[in-house]
Amino acid sequence: MPTTGEYRRRKPTSRTRGFIAATTGGAALVLPLVCAGFASAAPAQAATAKATAPAAVAKEISAQKAAPTIYSVIAGDTLSKIAKGHSVSGGWQKLYADNRETIGADPTLIHPGMKLTIGAKAVAGTSTGVSAVNTVAVSTTAAAPAKYTNDLDGWIKESLAVMAQRGIPGSYDGIHRNIMRESSGNPRAINNWDSNAAKGTPSKGLLQIIDPTFRAYHVPGTSMDSYDPVANITAACNYAADRYGSIDNVFSAY
C-alpha cells in the first residue's frame with residue numbers, strides 16, 4: 001500500500017502512448033495511417049481485377065469469333081450455297097464483297113480449289129489496331145454494285161448473278177449455247193408455227209419459253225415480262241434445273 005501523499009506515476013496505456021507519440025514526434029502516427037491506407041486499398045484493387053476479368057475474357061472470345069475462315073471451293077458450289085452453309089450474315093452478296101479480289105467481276109465464276117475468306121478480315125500490312133468488324137464494313141461499303149452491259153453478254157451475266165443468289169445451277173457457256181440455238185440472241189424472238197403456238201402459247205424470248213412455264217418458274221426480283229432478257233434466261237434456267245438438273249445439260253429443244 002503506497003505511503004499517503006506519495007505521487008505514483010501511471011504507466012501509459014497503448015492508447016496514451018499513441019497519443020503521446022503523436023503530440024511529441026508526430027511521425028510515429030503517420031506509419032499506422034499509411035499502412036491502413038494500403039490495407040484498405042487492397043480489397044478495392046482486388047474488386048477492380050474481378051470486375052475487369054470477365055470483360056477481358058469476353059473480349060478474347062469475341063476476337064476468336066471474329067477470326068476469318070478459309071474455305072476451299074468444291075465442285076457444285078455457288079456463292080449462295082456457301083453463304084447459306086456457313087450462315088454468312090448478308091448472304092452471297094457479303095461473301096462476294098469480301099472475296100471480290102479473288103473471284104473477279106463475275107460472282108458466278110468460282111471454281112474448285114478457289115480459296116474464299118468467310119467472316120471478318122483484317123487489313124493486310126496494318127498495325128493500327130483497326131477492328132476486324134470495322135474492316136469488313138469498309139470493305140462492304142467500298143464494293144460497287146455490279147454493272148451489266150445491255151447486250152447478250154450483260155444479260156447472261158446479270159442472270160447468272162440472280163441464279164447464284166437463288167441457288168440455280170448453270171454456266172455462261174451453257175446458257176450462251178442454248179440461246180444461240182433457240183433465238184440466235186434475239187430477245188424478241190417468237191415461234192408462231194409449232195405445236196405450242198397452235199395451242200395459243202408460242203415460245204418467246206432468248207430461250208424460247210412459253211408463258212405458262214415462264215410464270216411457273218419465274219424468279220422473284222426479275223421482270224414479269226417473258227420478253228425481258230434477264231427474266232427470260234433466269235426462268236428458263238430455273239425450269240431446266242428442275243427438269244434436267246441444269247441448263248448445262250440441255251443440248252436440244254427442251
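The basis for the numbers below is simple: all heavy atoms, side chains too, and nothing from hydrogens, waters or symmetry mates.
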Side-chain donor-acceptor pairs under 3.5 Å in residues 77-85, sequence neighbours left out?
{"unit_1": "Asp77", "atom_1": "OD2", "unit_2": "Tyr71", "atom_2": "OH", "d": "2.7"}
{"unit_1": "Asp77", "atom_1": "OD2", "unit_2": "Ile74", "atom_2": "N", "d": "2.9"}
{"unit_1": "Thr78", "atom_1": "OG1", "unit_2": "Lys81", "atom_2": "N", "d": "3.0"}
{"unit_1": "Ser80", "atom_1": "OG", "unit_2": "Ala164", "atom_2": "O", "d": "3.2"}
{"unit_1": "Ser80", "atom_1": "OG", "unit_2": "Gln165", "atom_2": "O", "d": "2.9"}

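The distance from atom CG of Asp98 to atom OG1 of Thr117, rounded to the nearest 0.5 Å, is 7.5 Å. Between the CG atom of Leu152 and the CD1 atom of Ile175 there is a distance of 10.0 Å, given to the nearest 0.5 Å. Atom-to-atom distance recorded for Asn192:CG and Lys204:NZ is 9.5 Å, nearest 0.5 angstrom. Separating the CG atom in Leu207 from the CD1 atom in Ile233 is a distance of 6.0 Å, to the nearest 0.5 Å. The OG1 atom of Thr102 sits 11.5 Å away from the NZ atom of Lys115 when rounded to the nearest 0.5 Å.
With Gln208 contributing its side chain and Ala189 its backbone, the two residues share a donor-acceptor pair below 3.5 Å. A distance-only check finds a donor-acceptor pair linking the side chain of Thr222 to the backbone of Val219 [under 3.5 Å]. Of the possible donor and acceptor atoms, none in the side chain of Asp153 sits under 3.5 Å from a partner among the backbone N and O of Thr149. Looking at Asn191, its side chain does come within 3.5 Å of a backbone N or O of Asp194 through a donor-acceptor pair. A donor-acceptor contact shorter than 3.5 Å links the side chain of Thr234 to the backbone of Val230. A donor-acceptor pair is defined here as one N or O able to donate and one able to accept, closer than 3.5 Å; such a pair exists between the side chain of Asn99 and the backbone of Leu95. The closest donor-acceptor contact from the side chain of Ser183 to the backbone of Ile179 lies under 3.5 Å. In terms of modelled atom types and a separation under 3.5 Å, the side chain of Ser203 and the main chain of Ile210 share no donor-acceptor contact.
For residues 242-254, the side-chain hydrogen bond (donor to acceptor under 3.5 Å, both in side chains) pairs, not counting sequence neighbours, are Ser171-Asp248, Tyr217-Asp242, Tyr239-Arg243.
A salt bridge does not link Asp173 to Arg177: none of the charged side-chain nitrogens sits closer than 4.0 Å to a carboxylate oxygen.
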For this session: Starting from the C-alpha separation in whole Å, work towards a yes-or-no answer on side-chain hydrogen bond (donor to acceptor under 3.5 Å, both in side chains) for Asp211 and Ser226.
Result: CA-CA 7 Å; Asp211 284 341; Ser226 60; 3.1 Å; yes
Exercise. When you look at Trp155 and Asn232, which way does the side-chain hydrogen bond (donor to acceptor under 3.5 Å, both in side chains) test go after all the steps?
Worked result: CA-CA 10 Å; Trp155 300 330; Asn232 186 281; over 6 Å; no
